[in-house]
Amino acid sequence: MPWNESTRSPRPIPSAYLPPHLRHQPTFTVTIPTSLARSSSRRGGGGGGRGRGRGFRGGRAPNPPRSYGRSRRNFSDDDPNPYNQKIMPEPPFDISEKFDELEVIDDDPSGVNNINAYDETPVETSGFDVPPPVTSFSEIDFCSGLSDNIKRCQFVKPTPIQRYAIPVAMAGRDLMACAQTGSGKTAAFCFPIITRILRDHHQLKSPTKKIDRNGGGGGFSLKTIMACPLALILAPTRELSCQIHEEAKKFSYKTGVKVVVAYGGAPIVQQFRNLEKGVDILVATPGRLVDMIERAKVSLKNVKYLALDEADRMLDMGFEPQVRKIVQQMEMPPAGVRQTMLFSATFPIEIQRLASDFLSNYIFLAAGKVGSSTDLIAQRVEYVHDADKKNHLLNLLRAQRANGKHALTLVFVETKKGADALQSWLSMKGFPSMAIHGDKVQMERERALKSFRSGLTPILVATDVAARGLDIPHVAHVINFDLPRDIGDYVHRIGRTGRAGKPGLATAFFSDKNAPLAKALVELMQEANQEIPPWLNEYTETSHAYGSGGSRSSRFSGVKFGGHNYRRGADNENYDYSNQFEDGTALESYPSQSSPYSSHDSRADFPTSSRADSFHEGFYGHMLDHRTVVASGWD
DNA sequence: AAAAAAT
């Protein structure tokens with residue numbers, strides 16, 4: 001084997017695991033060397049951005065080729081820092097990735113240097129027999145391939161949500177997890193899924209199965225290739241599903257676990273082809289998935305692991321019927337048989353109740369204050385009349401530019417039309433920008449995102465399509481040109497900055513019509529120890545607590561994010577209160593080891609805030625808990 | 001009252 005094994009312990013190859021594309025071949029119980037599996041499959045992959053991707057690698061001293069006699073760059077063991085140098089792993093299986101080209105230079109992709117920013121984050125747990133958290137990745141029995149990938153991705157230390165959620169998920173337990181934006185939720189559900197697929201399903205035959213549509217009686221029949229993934233990850237936007245797919249591929253690199261993505265707005269035929277090559281983990285948006293299931297190209301009957309990212313969005317009014325259909329009416333094994341994991345930064349109480357339909361004996365985790373922002377994000381609110389917003393924005397951008405900042409700035413507006421209008425106006429005024437919203441065709445959406453990420457057009461004007469989940473490195477400033485009506489949307493929007501332990505800035509333009517949001521905004525900012533402009537307080541008297549004129553929560557107005565599992569305040573028999581404080585809360589705090597802000601950080605001059613003095617005082621849920629019982633009232 | 005998600 002050309003692989004350099006000399007400097008590390010032998011790499012155990014998952015013994016009987018067959019990569020999906022080899023599973024239907026007549027083989028004995030053979031150990032397939034991963035390298036062999038790789039080289040045969042790579043040939044089939046589509047072209048994608050390989051050529052251009054290589055351009056990013058130019059400056060790097062070439063290693064002696066040690067991989068399979070090919071010139072193509074692969075990870076090698078002596079490469080200390082592959083991701084850091086923007087060398088994408090050669091995707092081991094299908095290579096169709098437009099997003100490969102999108103990678104930009106990031107000197108600290110996983111926030112290694114600032115990861116201690118999370119040390120003080122308290123984590124609340126509830127449920128039966130909660131598996132104890134870990135303090136390092138090495139305590140977890142990942143398969144070696146995944147462990148290597150974690151190192152390659154430079155994850156040195158688990159974030160609080162990862163410390164708790166990974167052991168829970170590894171134990172096979174259902175999970176509802178709340179954690180602040182940018183704190184590593186994707187890895188928290190991907191690592192256990194990949195590990196358990198390798199560990200528990202390596203005997204499994206083929207995920208692509210020939211279905212006898214004539215009833216299996218033998219003889220000639222029409223056969224359809226149907227993909228039967230072991231794991232399903234659902235996300236609310238196409239771009240987010242792409243991003244999760246990219247992440248999951250990095251994590252499953254060379255493990256033989258195949259990850260495929262399916263979303264609308266792109267040719268379905270290509271996605272079918274990807275599925276036919278075999279799929280263990282399917283990442284999808286709901287609409288396209290339902291379409292594929294109805295065309296009998298995908299079956300969920302083998303799904304053992306289900307993850308909903310941005311789970312509260314997936315269960316809100318717009319999405320809930322579709323998601324319910326997928327989870328409850330389409331061959332998906334029932335709760336208790338499959339493992340279900342829900343993740344979000346915000347989790348309104350009523351959505352928690354809906355979600356519990358999908359869960360069985362689940363564990364609730366809350367890292368930090370549920371529904372709050374991280375205090376790594378400095379929040380500013382400025383009073384601006386609607387008519388003045390454009391000029392105000394222009395002044396702000398000019399000041400930023402004069403300051404020598406080339407920081408990426410994400411501008412949120414209310415409407416799709418508004419996004420286009422503002423974008424063209426900004427471009428006219430000399431600020432290169434692009435717009436992204438749901439009326440653009442997928443190509444345009446992706447082009448806008450790519451151009452923004454690369455810094456080519458450092459201003460992106462967006463609707464809420466970009467509010468959730470997207471991990472765009474170096475977004476230094478989020479501007480709420482129009483504030484959303486729902487405070488949760490605000491939390492997700494500003495969460496596009498201040499990610500992975502890095503600081504960020506969020507500016508909101510507050511006008512009279514935002515009065516209903518004032519109270520919720522003030523409370524949120526107080527939680528995050530932000531300075532509240534005095535004039536804003538005057539709006540809170542007329543505005544509703546946790547205000548959102550929001551449709552989905554109107555029946556429950558007065559109750560927003562559950563800092564705790566809603567079960568606590570509810571009539572929940574079989575509930576285990578042992579090992580918890582008398583108020584039902586199990587807490588753990590982490591002493592700070594060092595300041596997350598280094599003096600040489602280019603953004604250290606951004607306004608920052610101090611942390612909550614006391615978890616008990618600061619925890620959003622403590623206040624909510626009482627109201628939960630009173631106000632939600634179970635209809 | 002708006003946005004997202006299938007064609």
Side-chain angles (χ1 to χ4, degrees), chain A residues 232-245 261-272 275 282-298 308-327 329-330 344 346 351 386 410-422 435-446 448-449 460-470 480-493 496 511-517 544 547-554 557:
Chain A
L232 176 65
I233 300 170
L234 290 176
T237 66
R238 297 164 182 175
E239 286 77 11
L240 183 53
S241 65
C242 279
Q243 178 182 299
I244 296 167
H245 176 230
V261 68
Y263 56 88
I268 199 169
V269 178
Q270 181 57 48
Q271 293 175 1
F272 284 151
L275 286 169
L282 178 59
V283 185
T285 50
R288 178 53 63 91
L289 177 62
V290 169
D291 189 11
M292 287 179 158
I293 294 170
E294 286 172 348
R295 297 193 200 196
K297 293 289 190 181
V298 171
L308 302 194
D309 202 5
E310 307 296 343
D312 63 330
R313 170 63 87 230
M314 302 304 288
L315 292 169
D316 81 5
M317 284 199 348
F319 266 122
E320 196 237 357
Q322 248 180 333
V323 172
R324 198 172 278 280
K325 184 174 179 181
I326 291 167
V327 175
Q329 295 158 27
M330 303 194 93
S344 184
T346 54
I351 302 286
D386 286 325
L410 182 52
V411 182
F412 281 104
V413 296
E414 186 85 48
T415 65
K416 295 181 268 203
K417 236 178 88 181
D420 282 331
L422 185 60
I436 186 169
H437 59 70
D439 272 357
K440 289 192 177 290
V441 296
Q442 193 57 23
M443 281 266 276
E444 294 175 306
R445 286 166 58 159
E446 283 164 20
L449 199 52
L460 184 66
V461 184
T463 60
D464 272 330
V465 69
R468 282 171 171 260
L470 294 188
N480 275 291
F481 185 91
D482 299 318
L483 275 161
R485 286 167 179 76
D486 187 292
I487 191 67
D489 292 337
Y490 173 83
V491 171
H492 285 276
R493 284 179 175 188
R496 295 320 95 211
S511 75
D512 286 335
K513 71 173 188 191
N514 300 126
L517 188 71
H544 223 233
S548 75
S551 48
R552 71 178 177 217
S553 51
S554 56
S557 58

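Lettering of chains follows the sequences in order, A, B, ..., and the numbering in each one begins at 1.
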Quiz item: Can you list the residues that meet the salt bridge (Lys or Arg N to Asp or Glu O under 4.0 Å) rule with R288(A), with sequence neighbours excluded?
Solution: none
Quiz item: Does K513(A) put a side-chain nitrogen or oxygen below 4.0 Å from OP1 or OP2 of dA1(B)?
Solution: no
Quiz item: Under 4.0 Å: is that the gap between some side-chain N or O of R295(A) and OP1 or OP2 of dT7(B)?
Solution: no
Quiz item: Whole-Å distance between dA3(B) P and E239(A) CD?
Solution: 16 Å
Quiz prompt | Between dA5(B) (P) and M292(A) (CE): distance, integer Å | solution = 15 Å
Quiz item: Atom NE2 of H492(A) and atom P of dA2(B): how far apart are they, to the nearest Å?
Solution: 21 Å
Self-check item: Short side-chain N/O contact to dA4(B) OP1/OP2 from R288(A), under 4.0 Å
Solution: no
Practice problem: Would you name the heavy atoms of A235(A) and P286(A) that are closest together and state the gap between them? | Solution: O-CD, 3.5 Å
Quiz prompt | Sugar-phosphate only, base, or nothing, as touched by G438(A) at under 4.0 Å among non-hydrogen atoms | solution = sugar-phosphate
Self-check item: Whole-Å distance separating the CG atom of N514(A) from the C1' atom of dA2(B)
Solution: 14 Å
Quiz item: Should R295(A) and D291(A) count as an ion pair when the cut-off is N to O under 4.0 Å?
Solution: yes
Exercise. Output the single nucleotide from dA4(B), dT7(B), dA2(B) whose closest atom is nearest the side chain of D291(A).
Key: dT7(B)
Self-check item: Atom-pair distance (CZ on F272(A); C1' on dT7(B)), nearest Å
Solution: 12 Å
Practice problem: Establish, with yes or no, whether the OP1 or OP2 oxygen of dA6(B) is under 4.0 angstrom from a side-chain nitrogen or oxygen of T285(A). | Solution: yes
Practice problem: Check every strand shown and say whether R493(A) touches a base, only sugar-phosphate, or nothing at a heavy-atom separation below 4.0 Å. | Solution: nothing
Exercise. Check the distance between dA1(B)'s C1' and M317(A)'s CE and give it to me in whole angstrom.
Key: 11 Å
Quiz item: Looking across every strand, which nucleic acid part, if any, lies under 4.0 Å from V465(A) by heavy atom: base, sugar-phosphate, or nothing?
Solution: sugar-phosphate
Self-check item: salt bridge (Lys or Arg N to Asp or Glu O under 4.0 Å) partners of R493(A), counting only residues at least two apart
Solution: D464(A)
Quiz item: To the nearest angstrom, how far is Q322(A) atom CD from dA5(B) atom P?
Solution: 10 Å
Quiz item: Rounded to the Å, how far apart are L483(A) CG and dA2(B) P?
Solution: 17 Å
Exercise. Check whether any side-chain N or O of T415(A) sits under 4.0 Å from OP1 or OP2 of dA1(B), and answer yes or no.
Key: no
Practice problem: Kindly point out which of dA3(B), dA6(B), dA5(B) is positioned nearest to the side chain of Y263(A)? | Solution: dA6(B)
Quiz item: For F412(A) and A466(A), which heavy atoms make the closest approach, and how far apart are they?
Solution: CZ-O, 3.6 Å
Quiz prompt | T463(A) side-chain proximity, nearest of dA4(B), dT7(B), dA2(B) | solution = dA4(B)
